[in-house]
Amino acid sequence: MDNTEFSKKIIVAIDGYSSSGKSTMARELAARVGYVYVDSGAMYRAVTLYAIRNNMVDPDKKIKTAELVAALPDIHISFLPSGDDGIQHTLLNGEDVEKLIRDMEVSNLVSPVAVIPEVRARLTAIQQEFGSHKGIVMDGRDIGTTVFPEAELKVFVCASPEERARRRLKEMQGKGENVTFDEVLHNVVERDRIDTTREVSPLRKADDALELDNGNMSPAEQMDWLIRRFNERCGL
Ligand code: CDP
């Protein structure tokens with residue numbers, strides 16, 4: 001199907017809980033319809049990696065907020081459309097950090113970094129710029145509520161914490177990482193807690209978002225569902 005060039009371009013916002021499969025869905029939809037894909041979580045992860053590398057994390061795991069905020073103008077995040085594995089890679093000041101930002105150390109610190117209002121304001125502005133010509137699929141926590149409240153298609157993805165931890169464990173083990181189910185489950189639950197209770201742009205379903213509980217759906221069923229909704233919104 002590539003009749004999208006004859007229809008209007010839209011913005012697709014896919015939000016939801018950690019490891020709910022948002023990124024896979026969003027990436028695949030973008031590839032199928034010829035849209036740009038942006039993984040907003042990767043941007044928060046890249047800022048977190050910068051903080052770790054530049055000694056902006058206390059020994060008790062508290063982020064040195066003032067130092068990180070002062071360094072924000074020096075943090076440049078961009079994307080390489082297709083890395084050696086064929087998927088989009090995240091660049092931090094020009095360096096490919098795609099693998100490093102998926103580490104457990106980054107996963108454990110990213111939600112505390114993502115509560116910092118100045119970090120959110122800067123990343124939100126960059127994300128809005130990416131979407132200024134529409135034709136974009138972006139996934140994250142606040143895309144339908146804060147980044148693109150006017151998005152034509154908003155999806156909110158959920159599944160139980162155990163199901164999400166099982167998926168994430170499989171993905172991490174596939175990459176040769178040495179983690180246990182309990183560690184992953186703890187990280188998923190803790191990030192959900194911080195993401196839903198923070199003051200600025202907490203994770204919540206936008207009133208006009210479609211809810212997708214994909215706990216019992218195969219990836220193919222999920223993609224059919226999404227493509228149908230996309231076509232409806234484009235008037236196809
Ligand atoms: O892929 P996964 O579900 O593990 O999470 P992610 O999309 O990589 O996002 C990592 C973290 O960044 C989330 O747990 C949030 O704390 C934060 N985030 C956010 O606050 N706002 C977004 N739009 C995207 C991510």
Side-chain angles (χ1 to χ4, degrees), residues 11-27 37-52 63 68 77 79 87-90 92 97-131 136-149 151 154-161 163-172 175 177 179 183-206 209 212 214:
I11 293 180
V12 183
I14 303 191
D15 289 305
Y17 294 97
S18 65
S19 312
S20 55
K22 303 176 303 296
S23 305
T24 311
M25 269 172 86
R27 184 185 304 119
Y37 163 61
V38 174
D39 175 354
S40 68
M43 300 173 71
Y44 287 93
R45 287 174 178 272
V47 172
T48 305
L49 180 64
Y50 183 96
I52 294 169
I63 310 295
L68 180 56
I77 300 166
F79 293 100
I87 66 164
Q88 187 179 72
H89 281 209
T90 310
L92 170 60
V97 292
E98 186 57 35
K99 190 166 185 309
L100 291 173
I101 59 170
R102 310 289 163 189
D103 273 0
M104 211 56 197
E105 190 186 8
V106 172
S107 294
N108 283 332
L109 290 166
V110 61
S111 290
V113 166
V115 304
I116 302 170
E118 291 86 347
V119 170
R120 301 206 70 81
R122 181 162 162 87
L123 296 190
T124 299
I126 299 171
Q127 291 154 7
Q128 288 171 336
E129 179 60 33
F130 283 145
I136 192 167
V137 184
M138 191 175 291
D139 77 299
R141 301 292 188 287
D142 62 340
I143 311 305
T145 52
T146 301
V147 180
F148 298 124
K154 299 181 186 177
V155 179
F156 189 81
V157 194
C158 43
S160 74
E163 174 60 31
R164 291 184 281 123
R166 265 193 294 278
R167 291 181 195 160
R168 180 50 60 100
L169 181 68
K170 204 169 146 200
E171 184 186 312
M172 294 181 88
K175 291 181 184 162
E177 293 206 31
V179 278
E183 276 173 316
V184 177
L185 180 63
H186 179 266
N187 176 254
V188 160
V189 171
E190 183 58 9
R191 276 200 288 138
D192 287 354
R193 186 188 65 75
I194 301 175
D195 293 347
T196 50
T197 57
R198 70 177 171 229
E199 255 173 52
V200 183
S201 305
L203 167 63
R204 66 168 182 83
K205 177 182 164 300
L212 175 69
N214 65 6

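What you see is a predicted model; the values in this text were computed from it and never measured. Every number for a ligand or one of its atoms is a count from 1 in the order of the listing.
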When you check ligand 1 against the protein, what N or O pairs turn up below 3.5 Å? List the atom names and distances, or just say none.
residue  : atom   : partner : partner atom : Å
ligand 1 : 1 (O)  : Arg168  : NH2          : 3.1
ligand 1 : 3 (O)  : Ser19   : N            : 2.7
ligand 1 : 3 (O)  : Lys22   : NZ           : 3.3
ligand 1 : 3 (O)  : Arg141  : NH2          : 3.4
ligand 1 : 4 (O)  : Arg45   : NH2          : 2.9
ligand 1 : 4 (O)  : Arg168  : NH1          : 3.1
ligand 1 : 4 (O)  : Arg168  : NH2          : 3.1
ligand 1 : 4 (O)  : Arg191  : NH1          : 3.1
ligand 1 : 4 (O)  : Arg191  : NH2          : 2.8
ligand 1 : 5 (O)  : Arg141  : NH2          : 3.2
ligand 1 : 5 (O)  : Arg191  : NH1          : 3.2
ligand 1 : 7 (O)  : Arg141  : NH1          : 3.2
ligand 1 : 8 (O)  : Arg45   : NE           : 2.7
ligand 1 : 14 (O) : Ser111  : OG           : 3.3
ligand 1 : 14 (O) : Arg141  : NH2          : 3.1
ligand 1 : 14 (O) : Arg191  : NH1          : 3.0
ligand 1 : 14 (O) : Asp195  : OD2          : 2.8
ligand 1 : 16 (O) : Ser111  : OG           : 2.9
ligand 1 : 16 (O) : Asp195  : OD1          : 2.6
ligand 1 : 16 (O) : Asp195  : OD2          : 3.4
ligand 1 : 20 (O) : Arg120  : NH1          : 2.8
ligand 1 : 20 (O) : Arg120  : NH2          : 3.3
ligand 1 : 20 (O) : Arg198  : NH1          : 2.8
ligand 1 : 20 (O) : Arg198  : NH2          : 3.2
ligand 1 : 21 (N) : Arg120  : NH2          : 3.0
ligand 1 : 23 (N) : Ser40   : OG           : 3.0
ligand 1 : 23 (N) : Arg141  : N            : 3.1
ligand 1 : 23 (N) : Asp142  : OD1          : 2.8

> Who are the ring pair (Phe, Tyr, Trp, His ring centres under 6.0 Å) partners of Tyr17, not counting sequence neighbours?
Replying inline: Phe156
> Rounded to the nearest 0.5 Å, what separation is found between the NZ atom of Lys205 and the CG atom of Leu212?
Replying inline: 12.0 Å
>> Name the residue from Leu49, Asp103, Ile63 that meets the side-chain contact (heavy atoms from CB on, under 4.5 Å) definition with Leu109.
In response: Ile63
> If you take all heavy atoms of Ala42 and Thr90, which pair is closest and at what distance?
Replying inline: CB-OG1, 3.4 Å
>> Under the side-chain hydrogen bond (donor to acceptor under 3.5 Å, both in side chains) test against Ser107, which residue among Glu183, Arg45, Arg102 passes?
In response: Arg45
> Would you call Arg167-Glu163 a salt bridge at under 4.0 Å N-O?
Replying inline: yes
